[in-house]
Amino acid sequence: MTIKIIDFNEKYAQDFYKLNIEWLNTFFYVESYDEEVLSQPDKYIISKGGFIFFVLKNDKVVGTAALMPTKKPGILELTKMAVLPEERGQKIGQQLLQYCIDFGKSKELNGLLLYSSRKLENAIYLYRKYGFVELELEKDSPYLRSDIKMLLEL
């Protein structure tokens with residue numbers, strides 16, 4: 001299986017939306033904040049200094065992830081990571097995660113931050129495997145569904 005990971009391209013903005021909405025509806029629910037960010041990724045992520053990546057397999061978008069600026073300089077939030085249901089289990093998520101880590105190192109970032117849910121046991125296992133450590137979750141977490149906050153120092 002050959003995949004290619006590319007930077008944000010407006011022609012794939014609808015794929016970004018669809019992949020993430022499907023993932024949220026499968027595992028949780030769509031919060032109003034999600035709807036806003038996903039429907040306008042250029043406004044909420046790219047124009048604020050963030051990045052969006054797409055995984056292409058045979059020129060079809062099968063996965064995506066975003067790195068969004070946080071209030072802390074040098075720390076980006078790893079967010080909006082999703083893979084098509086029929087493509088899950090093929091390590092595409094792992095390749096995308098490694099790509100984001102390598103990208104962060106190439107940009108000399110201090111770290112990658114993420115919010116997740118303990119319900120996603122496989123994801124939490126994967127994050128720990130890649131070196132993310134748990135931090136205290138603030139009371140005003142940006143996501144209602146999150147119950148874990150993790151950081152990978154780069």
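Worth knowing before you read on, the calculation uses all heavy atoms, side chains too, and leaves out hydrogens, waters and symmetry mates. Numbers here are sequence positions counted from 1.
- Residues forming a side chain to side chain contact (heavy atoms under 4.5 Å, CB included) with Y125 (at least two apart in sequence, or on another chain): K129.
- Among residues at least two apart or in separate chains, ring-ring contact (aromatic ring centres under 6.0 Å, His included) pairs with a member in residues 59-110 are F51-F103, F53-Y99, F53-F103.
- Applying the ring pair (Phe, Tyr, Trp, His ring centres under 6.0 Å) rule to Y17 yields no partners; only residues at least two apart in sequence or on another chain are considered.
- Every residue meeting the side chain to side chain contact (heavy atoms under 4.5 Å, CB included) condition with K4, not counting sequence neighbours, appears here in chain and number order: I6, L56.
- More than 12 heavy atoms of other residues, nucleotides or ligands lie within 6.0 Å of CG in N25, so this atom counts as buried by the packing criterion.
- Residue pairs meeting the ring-ring contact (aromatic ring centres under 6.0 Å, His included) criterion with at least one member in residues 59-86: none, sequence neighbours excluded.
- The distance from the OH atom of Y115 to the CG atom of L78 is 12.5 Å, given to the nearest 0.5 Å.
- Linking ILVMFWY side-chain heavy atoms closer than 4.5 Å, directly or via other members, places I21 and L144 in a single hydrophobic cluster.
- Other residues, nucleotides and ligands contribute more than 12 heavy atoms inside 6.0 Å of the CG atom of D140.
- With rounding to the nearest 0.5 Å, the separation of NZ in K18 from CG in L38 is 13.5 Å.
- With rounding to the nearest 0.5 angstrom, the CZ atom of R118 is 10.5 Å from the OG atom of S146.
- Counting only heavy atoms from C-beta outward, the side chains of I124 and F132 never approach each other to under 4.5 Å.
- Residues S116 and M150 have side chains not in contact (no heavy-atom distance under 4.5 Å, counting atoms from C-beta outward).
- One distance of note links OG of S39 with CG of N20; it measures 11.5 Å at 0.5 Å rounding.
- The shortest side-chain heavy-atom distance between K80 and D34 falls under the 4.5 Å cut-off.
- The two residues L154 and K105 have their closest heavy-atom pair at CD1-N, 3.9 Å.
- Considering only residues two or more places apart in sequence or on other chains, L135 meets the side chain to side chain contact (heavy atoms under 4.5 Å, CB included) condition with L113, K149, L151.
- Under the side chain to side chain donor-acceptor pair (under 3.5 Å) criterion, Q98 pairs with D102, sequence neighbours left out.
- In this structure, Y130 has no ring pair (Phe, Tyr, Trp, His ring centres under 6.0 Å) partners at least two apart in sequence or on a different chain.
- The line from CD1 of I3 to NZ of K91 is 12.5 Å long, rounded to the nearest 0.5 Å.
- Heavy-atom neighbours of E108 CD from other residues, nucleotides or ligands within 6.0 Å: at or below the threshold of 12.
- Remark: the backbone N or O of I92 is not paired with any side-chain donor or acceptor of E87 at under 3.5 angstrom.
- Side chains of P69 and L76 form a contact here, defined as non-hydrogen atoms less than 4.5 Å apart.
- Within a 6.0 Å radius of CD in E134, other residues, nucleotides and ligands contribute more than 12 heavy atoms.
- Remark: Q95 CD to Q90 CD distance equals 9.5 Å, nearest 0.5 Å.
- A side-chain donor-acceptor contact under 3.5 Å links E36 and Y44.
- Within the structure, no pair that satisfies the ring-ring contact (aromatic ring centres under 6.0 Å, His included) test touches residues 71-92, not counting sequence neighbours.
- Among residues two or more places apart in sequence or in another chain, the side chain to side chain contact (heavy atoms under 4.5 Å, CB included) test is passed with I52 by F8, F16, P41, I45, I46, F54, T64, A66.
- With sequence neighbours left out, the salt bridge (Lys or Arg N to Asp or Glu O under 4.0 Å) criterion links D15 to no other residue.
- Take E86 and apply the salt bridge (Lys or Arg N to Asp or Glu O under 4.0 Å) test, not counting sequence neighbours, and it matches K60.
- With L19 as reference, V61 is the one residue of V55, V61, L24 to meet the side chain to side chain contact (heavy atoms under 4.5 Å, CB included) rule.
- Around NZ of K119, the count of heavy atoms belonging to other residues, nucleotides or ligands within 6.0 Å exceeds 12.
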